[in-house]
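Below is one structure, written out as structure tokens; comments come after it.
These figures come from a predicted structure and were not determined experimentally. Note on naming: letters A, B, ... go to the chains in the order of the sequence lines (proteins, then strands), and numbering restarts at 1 for each one.
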Protein chains: 2
Amino acid sequence: MATIKDVAKLAGVSISTVSLTLNQHPNVSPETRKKVWKAARELQYQPNGIAKDLKSVRTKTVGLVLSDLSGPFYSELIRGIQEVTTANGYDLVAMSAIGGSGSPARYIREKRTDGMIILAHDIDSHLISQAGREKFPIMVLDRKLESDHVFSVTVDNRKGAYEAGEHLIRSGYRKIAYLAGPNDSTDNAERFAGFKEAMESHGLEVTPKWYIQGGFTKQGGYRAVKLLAAQHILPEAFFAGNDEMAMGAMEALTELGIRVPADVAVVGFDDIELAAYMRPPLTTVRQPMFDMGYTAATLLFRLLDGDRSVRSVVLDTELIVRESCGSK
Amino acid sequence: MATIKDVAKLAGVSISTVSLTLNQHPNVSPETRKKVWKAARELQYQPNGIAKDLKSVRTKTVGLVLSDLSGPFYSELIRGIQEVTTANGYDLVAMSAIGGSGSPARYIREKRTDGMIILAHDIDSHLISQAGREKFPIMVLDRKLESDHVFSVTVDNRKGAYEAGEHLIRSGYRKIAYLAGPNDSTDNAERFAGFKEAMESHGLEVTPKWYIQGGFTKQGGYRAVKLLAAQHILPEAFFAGNDEMAMGAMEALTELGIRVPADVAVVGFDDIELAAYMRPPLTTVRQPMFDMGYTAATLLFRLLDGDRSVRSVVLDTELIVRESCGSK
DNA sequence: TTGTACGCGTTATCAG
DNA sequence: CTGATAACGCGTACAA
């Protein structure tokens, strides 16, 4: 790999002249300019980005940490973020927090980017809080967190879940099971709280036997239903903490010959793209993923600009009634 | 941000002592060791990854360039890659080639990673070829490309398209339109070639009026069908260059009151997750995305190890017959 | 066992 | 207009 030094030598000028030329600085004579370009081309010179970053402190990059890069519903989120980052002339690099979250944690600590957007519950809040600095703002999307340089963009999970729960209740269902996400997930906690609230405000009770762990995965939802079916206790409806579990649940139900929504209703949470294509189409709570991404990125840049008025944001969800809840 | 210097000062030792200690070097007295750790903790010292990379040349990171990070069918691919990278103790960072591909191109040229996996037709082959070096191997997944340090993992598009085309023909369809992807896409070219071959080997002709541009997007497929319908020329079947276009096409067809497959059959290519959930479920050609990712990453690491026996790989597709082609 | 000094590839400052 | 030279933060011979 040719360095700036090689170019300087070949062109017969000094390193600084090369740098000036290549960076479009005006104070370079046309002749030298030509010599330098020629040498650079011959050597196929490409500036070393790492060295550049080391010097300039700014990497012109924002990082995005996802708990699993291959997740289904990040598309819109990423689009929202990207819209803003490219508009600001920044790059976006994404990495996943898979496998003990070792690597992104390192990335965060080592600050290879100018800022971070995090949506990965397996990254420690403590780590995040102390990683945020004046020149390294962080936006979190999966929990509420706020310190000097860390803010959150979240969704009103509680309210969303309340609405969905109430819709189910109003439709006549009373024995409703909750398919839960991981216990360390704030999203899950809030959604459950909202659901519970809806139940209680209608004089209904949420019994522990109907709080079933599904780990936010399709498999988990599938297993949960099979487990219940094996015990011959099935609720009238399932409230899934996310769409993936709802999908798994519906699959299991179908296999068991139980019709949705005729026999059992199902609602989900997230409104992933697939939701509209399930059979029957899934009633769910829509998270404005694009808006979240857009908002998070916008705030991040304001933070980068030293704007002290930035505050955390909570966005609203929207209940999307389709067919799986039997009320349409 | 505290630097190694600050730690040295606070601990009352030299910079190198700090470095030695923190890097687990044995030759440091227990006392000094303690002093250093204490100072480091107090200052919340974190080594600057950028500086480290500059020195050590290895970044322990592989980059993944996608034409659009938010694309639908990358999940499996990423899982396959990640499996291998984490096993090798490497990080994976992904970036998209959106917006003129300026940024990833920069990333590639500037070599901020130890290697690259590219699936983005908007990145110039020429750029890729000359970026690959001894210590910077590149794997491309969306075209055939092979030079000293660049290899490809592709799928037998031609064969896959041939099979799907033949299946359609065997099912009795004769007037078949091809929904095309971008003209600069090798995938598209090969798929079309395979389709054409199937047609011709059955004495059928492919007329230009039935090669319709859909740009590999859902919207494009939708528009293509509407356009044809407006001219009152509809084929008996659509062969879509990818599933997204097939999805758009089916949507348009449905809107027009045309039944799939009763009135018009549709087949796609890729087998994205959604394919099985469309109505009717889409007959398509499955690309082994996980395997592609896994293979690409594996070869990349072999290249990184200096293995000279690495060659490009072509994987097989599989025809997935569902209902949209009317033969089930 | 510890410290000094240099290099990694750039950019920026400041003379000349 | 051009060229030394000093940083950036770290690792590491080599010397002490």
Contact check, side chains of Y90(A) and L304(A), non-hydrogen atoms, under 4.5 Å: yes
Note, M139(A) side chain near L303(A) side chain (heavy atom, < 4.5 Å): yes
Which nucleotide span of DNA chain C, 5' end to 3' end, has atoms closer than 4.0 Å to non-hydrogen atoms of chain A? dC8(C) to dA12(C)
If you measure from OG1 on T186(A) to CG on D142(A), what distance do you get to the nearest 0.5 Å? 6.5 Å
Rounded to the nearest 0.5 Å, the OG1 atom of T61(B) sits from the CE atom of M116(B) at a distance of 10.0 Å
To the nearest Å, how far apart are D53(B) CG and dG11(D) P? 11 Å
Among residues 3-33 of chain B, which contact DNA chain D at a heavy-atom distance under 4.0 Å? T3(B), I4(B), K5(B), S16(B), S19(B), N23(B)
Just one of T113(A), D91(A), D114(A) clears the side-chain hydrogen bond (donor to acceptor under 3.5 Å, both in side chains) bar with T59(A), so which one? D114(A)
Residues E31(A) and K35(A) bridged, charged N to O under 4.0 Å: no
Taking C-beta and beyond as the side chain, do S309(A) and R302(A) meet within less than 4.5 Å on heavy atoms? yes
Ionic contact status for R79(B) with E76(B), cut-off 4.0 Å: yes
Using atom NZ of K55(A) as one end and atom C1' of dA7(D) as the other, report the distance to the nearest whole Å. 4 Å
